[in-house]
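Each remark here refers to the structure printed beneath this line.
Within every chain, numbering begins at 1; the chains are lettered A, B, ... in the order of the sequence lines, protein sequences first and strands thereafter.
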Amino acid sequence: MPELPEVETYRRLLDELLVQQQLVTLEVLDAHVLAVPEDELRQAVVGATVTATHRLGKNCFLELSTGQVLALHFGMTGDVGAYRHDHDRPRFTRVAFHLADGLRVAFIDPRKFGRIRLAGSIAEFQRAKKIGPDALAITAEEMQQGLGKKKTLIKPALLDQRLTAGLGNWIVDEVLFQAQIHPERLANTLTAEEFQALHAAIQLVLRTAIEHEAVYRHFPASFLIHAREWDDSATPGTEAHRFCPRHPKVEIGKHYVGGRATYHCPSCQLLAT
DNA sequence: CACTATGTTTTCAA
DNA sequence: ATTGAAAACATAGT
């Protein structure tokens, strides 16, 4: 589930567990998630101390005492865990960083779309990956400048990490719902007021999600996310509710925009201006 | 078995 | 240079 709020939550955990700790062993259980040769990574990591953590969009960085930076991307299913003994190792742990006191920090990723990279600096990584300003840092004016020129639908534009980094599929739907903008509006037809509303919605959604450590079922009832199917029947009281939080009689629609499943309220989010 | 999935990257076309 | 559609990646869950 790693969009910006999840990655920020992971970063906070990694910060607590790793900062000022020395990495003594690199355990690679599945090299598929490594985007650098294993030996090179081991050489960079073993013996180094983590001096700080950072986040940019959906990327988390571990700054090493050597000056190098470990860049973690969690793909679609990445997660972070901690354990002390092999028999407690989380399922789907692909890489583990061992600390001097025995704690092991796991990079977990069932579907293996996540990647661990090495970079000289965050700035270098950002340039190489063409990552835009973080979604929590970007201003409404910058958004208007970046997205306002795009002759594409607003939803794919918001998902484009080069324009603003950190928004993923469900967050974009939530943001567009909160800003009451239809996902298929052309980006270059949005007004300054609409960019202001988008910016405010991004702040609201991201801050709320981080506050709840990205546990969706704890989000306010005013959020569209409850119409998604994930947290359904398993726990009583968490069934997907199919109606708009603002229009109890209007069913949330599901269709595909830019190839991605998209939920929106046909009453709040109109195509015509 | 059929189908979906929170993300990115590539490829091919218009 | 843009934009878009589709496929690919690897696998779990329903």
Taking the side chain of [X] as heavy atoms from C-beta outward, which of [options] is closest to it?
{"X": "Arg111(A)", "options": "dT8(B), dC9(C), dA12(C)", "answer": "dA12(C)"}
{"X": "Pro110(A)", "options": "dA12(C), dA5(B), dT3(C)", "answer": "dA12(C)"}
{"X": "His73(A)", "options": "dA10(C), dT6(B), dT8(B)", "answer": "dT8(B)"}
{"X": "Gln161(A)", "options": "dA10(C), dT4(B), dT8(B)", "answer": "dT8(B)"}

Carboxylate-amine/guanidinium proximity below 4.0 Å for Glu211(A) and Arg207(A)
no
Hey, is Arg84(A) close enough to Asp101(A) for a salt bridge, meaning N to O under 4.0 Å?
yes
Tell me whether the rings of His212(A) and His218(A) are parallel (<30°), tilted (30 to 60°) or perpendicular (>60°).
perpendicular
Aromatic-base stack, Phe113(A) on dC9(C), cutoff 5.5 Å, angle under 30
yes
I need the single residue from Phe61(A), Phe74(A), Phe107(A) that forms a ring-ring contact (aromatic ring centres under 6.0 Å, His included) with Tyr10(A). Which is it?
Phe74(A)
For DNA chain B, report each stem as range with range, ordered by first number, or say none. Use Watson-Crick or G-U wobble pairs under 3.5 Å, at least 3 in a row.
B:2-5 with C:11-14, B:7-14 with C:2-9
Using a heavy-atom distance cut-off of less than 4.0 Å, which residues of residues 119-137 of chain A contact DNA chain C?
none
Glu213(A), CD: over 12 other non-hydrogen atoms inside 6.0 angstrom:
no
